[in-house]
Structure formats: structure tokens, C-alpha cells
Participant: 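This is the structure I want to talk about, given as C-alpha cells.
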Amino acid sequence: QAQLVESGGDSVQAGGSLRLSCVGSGYTGSRVCMAWFRQAPGKEREGVAAINRRGTTDYADSVKGRFVISKDDSKNTAYLQMDNLKPEDTAIYYCAANPLCWVDGGPTLRRAQLYDYWGQGTQVTVSS
């Protein structure tokens with residue numbers, strides 16, 4: 001059974017940093033794309049950052065220059081380094097994976113419909 005487990009969410013002050021981790025298990029495939037989404041109360045889910053099997057990344061404009069997505073294939077783990085956090089970054093952050101992903105790059109990587117497996121989410125709260 002496929003499973004994604006996020007960790008690293010916390011409460012921080014504006015300007016602070018957090019690093020989220022997502023460990024995947026129970027699925028096979030050599031073309032793994034992974035992504036981070038977030039959803040704030042009353043708002044639609046947003047694709048924040050994504051990475052494909054070659055390491056090509058894509059970011060939402062709202063986080064460019066502040067967030068960095070990376071992965072360790074040997075550990076089936078994706079990371080989201082978040083710096084210079086703002087109150088508007090407050091949300092539940094979800095990890096997603098597609099082990100048979102053929103997307104080479106671009107904003108398609110951040111489309112929720114691309115992903116088959118989802119984690120339960122981790123809360124990030126940024127206070128001003």
C-alpha cells in the first residue's frame with residue numbers, strides 16, 4: 001500500500017525557516033515526480049513546488065526565491081526548504097507523488113491531477 005508521510009511542520013515567526021520532509025513507500029516506478037501542495041482555510045489548494053525524476057523543478061510565483069524543493073531517490077524522500085516565511089504561507093502542506101511521471105518540466109508538474117498518491121499533510125503556521 002502506497003504511503004507518503006510528511007514531517008517538519010511547525011509554528012514560526014515571519015522571516016523564519018522550515019524544512020519539510022516527505023517519505024514515500026509502497027509504490028514502484030522509475031519516473032517519480034514529487035510535489036508539495038498547500039491549502040489555507042477558505043482557499044483553493046495550490047501547487048507550491050514540484051520536481052521530476054531528472055531534478056527539473058517548478059515553483060509557484062508566490063514562493064520563487066524563497067522555497068527550494070529537492071529529493072533523495074535513495075531514500076524515496078522529497079524536501080521543501082522554506083526560507084523568509086511570510087504569514088501568507090500559513091497552510092497545511094501536502095506531499096504528492098507519481099511514480100510513472102512523464103512530465104519534463106513546467107507548471108504541469110504542479111497540477112494536482114498529475115499525482116496518484118498523497119500524504120496526510122503537515123501544518124505550517126507563520127506569525128507576524
Participant: Got a second to check how far Leu80's CG is from Arg19's CZ, nearest 0.5 Å?
Facilitator: 10.0 Å
Participant: With sequence neighbours excluded, what pairs up with Ser21 under the side chain to side chain contact (heavy atoms under 4.5 Å, CB included) test?
Facilitator: Ser7, Tyr79
Participant: Do the side chains of Tyr93 and Val68 join up, straight or via other hydrophobic residues, at under 4.5 Å, putting them in one cluster?
Facilitator: yes
Participant: Testing the basics here: between Leu114 and Asn98, what is the closest heavy-atom pair and its distance to 0.1 Å?
Facilitator: O-ND2, 2.8 Å
Participant: Just by distance, do the side chain of Glu6 and the backbone of Gly121 share a donor-acceptor pair under 3.5 Å?
Facilitator: yes
Participant: More than 12 foreign heavy atoms under 6.0 Å from CZ of Arg111: is that the case here?
Facilitator: no
Participant: Give the minimum heavy-atom separation between Ala91 and Gln123, together with the two atoms involved.
Facilitator: O-NE2, 3.4 Å
Participant: Does atom CD of Gln113 have more than 12 heavy-atom neighbours, drawn from other residues, nucleotides or ligands, at distances under 6.0 Å?
Facilitator: yes
Participant: Please round to the nearest 0.5 Å and tell me the distance separating atom OG of Ser17 and atom CZ of Arg66.
Facilitator: 10.0 Å
Participant: Tell me the ring-ring contact (aromatic ring centres under 6.0 Å, His included) pairs involving residues 49-77, sequence neighbours left out?
Facilitator: none
Participant: Please report the closest heavy-atom contact between Ala112 and Arg45, naming both atoms and the distance.
Facilitator: CB-NH2, 3.5 Å
Participant: If you look at every heavy atom in Trp118 and Tyr115, which pair is closest and at what distance?
Facilitator: NE1-O, 3.5 Å
Participant: Hydrophobic clusters here meaning ILVMFWY residues chained together by side-chain heavy-atom distances under 4.5 Å, can you tell me if Ile92 and Leu20 are in one?
Facilitator: no
Participant: For residues Leu109 and Val32: do they belong to one hydrophobic cluster (side chain heavy atoms under 4.5 Å, members Ile, Leu, Val, Met, Phe, Trp, Tyr)?
Facilitator: no
Participant: When you look at CD of Gln39, are more than 12 heavy atoms from neighbouring residues, nucleotides or ligands closer to it than 6.0 Å?
Facilitator: yes
Participant: Where do Ser127 and Pro87 come nearest, in terms of heavy atoms and distance?
Facilitator: C-CG, 4.5 Å
Participant: Calculate, to the nearest 0.5 Å, the distance between atoms NZ and CG belonging to Lys64 and Asp58 respectively.
Facilitator: 6.5 Å
Participant: So, do Val63 and Arg38 sit near enough that their side-chain heavy atoms are less than 4.5 Å apart?
Facilitator: yes
Participant: Say whether, by atom type as modelled, one donor and one acceptor occur between the side chain of Gln120 and the main chain of Val5 under 3.5 angstrom.
Facilitator: no
Participant: Do Leu4 and Met34 touch side chain to side chain, with heavy atoms closer than 4.5 Å?
Facilitator: yes
Participant: Under the 3.5 angstrom rule, does the side chain of Asn52 hit a backbone N or O of Val103 as a donor-acceptor pair?
Facilitator: yes
Participant: Are Leu18 and Phe37 in one and the same hydrophobic cluster, where Ile, Leu, Val, Met, Phe, Trp and Tyr link if side-chain heavy atoms are under 4.5 Å apart?
Facilitator: no
Participant: Quick one: do the Ser62 and Glu46 side chains pair a donor with an acceptor below 3.5 Å?
Facilitator: yes
Participant: Find out if a path of hydrophobic residues (ILVMFWY) with successive side-chain heavy-atom gaps under 4.5 Å connects Val12 to Met82.
Facilitator: yes
Participant: Which pairs count as disulfide (SG to SG under 2.5 Å) when at least one residue sits in residues 23-59, sequence neighbours excluded?
Facilitator: Cys33-Cys101
Participant: Taking the basic N atoms (NZ, or NE/NH1/NH2) and the acidic carboxylate oxygens, is any pair closer than 4.0 Å for Asp89 and Lys86?
Facilitator: no
Participant: Calculate, to the nearest 0.5 Å, the distance between atoms CG and CZ belonging to Asp104 and Arg53 respectively.
Facilitator: 8.0 Å
Participant: Give the ring-plane orientation class for Tyr27 versus Tyr117, where under 30° counts as parallel, over 60° as perpendicular and anything between as tilted.
Facilitator: parallel
Participant: Using modelled atom types and a 3.5 Å cut-off, is there a donor and acceptor pairing between side-chain atoms of Thr90 and backbone atoms of Val126?
Facilitator: yes
Participant: So, for Gly119 and Tyr94, which heavy atoms are closest and what is the spacing to 0.1 Å?
Facilitator: O-CD2, 3.6 Å
